[in-house]
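Quick notes on the structure that follows.
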Number of protein chains: 2
Amino acid sequence: MFWTATNSEGYPSPAALAVDAVVLTVRDGRLDVLVVRSDGGRRALPGGFVTPDEDPAGAAVRVLEQKTALTRLYLEQLGAFAAPGRDPRGWIPSIAHLALVPPATQPNDDQTTWVNAHGRHRWAFDHREIVRAALDRIQGKLWWSNVAVGVLPHDFSLSQARQVYQAIARTTYDGATFARDLKATGLIQPTGQTTTDSPGRPAALYRYTTTSPAWGSGRRKRVPPG
Amino acid sequence: MFWTATNSEGYPSPAALAVDAVVLTVRDGRLDVLVVRSDGGRRALPGGFVTPDEDPAGAAVRVLEQKTALTRLYLEQLGAFAAPGRDPRGWIPSIAHLALVPPATQPNDDQTTWVNAHGRHRWAFDHREIVRAALDRIQGKLWWSNVAVGVLPHDFSLSQARQVYQAIARTTYDGATFARDLKATGLIQPTGQTTTDSPGRPAALYRYTTTSPAWGSGRRKRVPPG
DNA sequence: TCAATAGTGTCTATGAGACAGTATGTG
DNA sequence: CACATACTGTCTCATAGACACTATTGA
């Protein structure tokens with residue numbers, strides 16, 4: 001079955017407008033991506049179609065609410081993927097998104113699972129390329145923005161934050177230097193509370209000053225090539 | 001007239017897939033953007049429609065070849081703009097591109113002109129937002145990539161390069177520091193030639209090692225907020 | 001010789017990695 | 001007490017801004 005479409009002027013038009021989402025989280029120090037099983041055992045990104053009366057970001061949120069019981073969400077557009085033949089069903093451009101969610105987010109159906117984002121997988125369609133774009137994007141923005149706000153709990157310790165940052169950047173950070181530099185971004189503020197979840201001295205808790213996408217103060221930090 | 005479309009499954013589909021291009025160059029130390037006159041005296045970006053058998057970047061190149069006698073070109077995708085109602089003609093998502101061309105590029109028709117990219121203009125549709133995205137993108141990438149390869153001639157002096165970089169970053173650079181840092185990116189190489197276009201000591205010529213999009217060696221350089 | 005531009009060398013402030021050492025909790 | 005984790009302070013190197021000084025051309 002091959003979908004086609006024609007517009008009121010008589011010219012061929014896209015058969016649909018798709019959205020796909022690269023949903024990332026950090027679990028046990030590892031960066032995981034949400035995938036749905038596709039035919040032939042290939043991995044596919046969760047996705048769906050945009051309706052005429054919604055914008056692509058809204059469609060992405062709607063699709064993810066169906067796939068997961070999501071609590072919070074950081075969402076931004078990656079770009080359009082529209083190479084001819086990318087979708088075997090017809091001329092269907094896809095607008096890809098990057099989404100970050102807390103590690104407790106659970107898939108709603110057993111066809112949807114978490115897999116290692118840096119692992120080697122057989123991907124459906126052009127999804128390998130989309131995942132690649134997502135990983136590049138998040139690494140590039142990690143120290144310049146509050147992207148990690150999507151993964152961390154509302155209040156978090158600097159150790160928790162360090163684990164998340166390390167998983168995303170695929171490196172290790174010195175604890176002291178990490179704390180100094182994350183505070184210097186101006187993106188977080190102390191809550192005045194402490195946590196006693198772990199043995200040892202209790203850690204002070206912080207929160208991001210804003211949960212919507214924001215940029216830091218222009219400090220620099222290098223992410224090694226991944 | 002309002003365009004509509006329906007696909008072979010009976011669902012509404014986009015009436016067309018558009019491409020728009022933010023075409024930038026540096027002329028007389030100023031960053032200019034290519035615009036076409038639109039109804040009501042508003043500025044519009046050059047654009048067109050994607051056909052089913054081409055990818056968006058190819059469509060952008062095709063459209064620009066019609067609008068200008070372009071010689072070289074740096075092109076990259078900015079993203080999809082698909083808010084409902086963005087185009088009064090119907091449901092028409094647009095894939096926006098950033099294009100950099102040499103300053104000698106001339107419009108082919110008298111409806112197309114260069115205007116100051118940082119100036120205040122009345123823009124058609126959502127084109128103000130697209131231009132904003134283009135300026136953010138090029139400033140962010142300036143010192144990390146070879147974006148400027150699209151504007152500079154094949155062989156150029158460091159003074160020429162400095163003028164281009166200054167116009168894009170909206171700042172001034174110390175000549176000595178600029179030369180040191182641009183060489184340190186590893187993106188350019190000396191040609192061994194010199195130029196005598198200007199009074200004073202002849203300048204050594206350089207060229208970018210590659211004309212396709214590439215990333216520098218991780219040196220840093222701050223672009224002031226614009 | 002002077003004006004004008006190109007290029008070299010160096011001083012300094014700051015960002016960021018590394019790590020010693022101190023603080024504060026639990027068993 | 002030992003142990004584990006959190007946090008402070010400081011040394012050091014690399015980056016990048018600023019600028020004095022030298023070099024090379026044409027008028």
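Remember, it's a predicted structure, so these values are computed and weren't measured experimentally.
- With rounding to whole Å, A:Leu182 atom CG is found 16 Å from C:dG17 atom C1'.
- Counting to the nearest Å, the C1' atom of D:dT24 and the CG atom of B:Asp197 are 16 Å from each other.
- Evaluation of the ring pair (Phe, Tyr, Trp, His ring centres under 6.0 Å) rule for A:Tyr165 yields A:Trp143, A:Phe178 as partners, not counting sequence neighbours.
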Heavy-atom protein contacts under 4.0 Å, nucleotides 19-27 of chain C, coded B base, S sugar-phosphate only, - none: B---BBB--

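- Nearest heavy-atom pair across B:Val23 and B:Leu64 is CG2-CD2, 3.6 Å.
- Applying the salt bridge (charged side-chain N to carboxylate O under 4.0 Å, His left out) test to pairs two or more places apart or on separate chains, those with a residue in residues 141-163 of chain A are A:Glu76-A:Lys141, A:Asp155-A:Arg207.
- Taking atom CD on B:Gln163 and atom P on C:dT5, their separation rounds to 10 Å, with Å as the unit.
- The CZ atom of B:Arg162 sits 10 Å away from the P atom of C:dT5 (whole-angstrom rounding).
- Between the P atom of C:dT5 and the CG atom of B:Leu205 lies a distance of 17 Å, rounded to the nearest Å.
- A:Gln160 places its CD atom 12 Å from the P atom of D:dC7, with the value rounded to the nearest Å.
- For the pair B:Phe178 CZ and D:dC19 C1', the interatomic distance rounds to 18 Å; values are reported in whole Å.
- The CG-P distance, from A:Asp181 to C:dG17, rounds to 6 Å in whole Å.
- Judged as a salt bridge (charged side-chain N to carboxylate O under 4.0 Å, His left out), not a single pair has a partner in residues 93-110 of chain B (not counting sequence neighbours).
- Under the rule for a salt bridge (Lys or Arg N to Asp or Glu O under 4.0 Å), the partners of B:Arg27 that lie at least two apart in sequence or sit in another chain are B:Asp32.
- Legend: residues meeting ring pair (Phe, Tyr, Trp, His ring centres under 6.0 Å) with A:His127, ordered by chain and number and at least two apart, are A:Phe125.
- At a cut-off of 3.5 angstrom, the base of C:dG9 holds no donor-acceptor pair with the side chain of B:Arg180.
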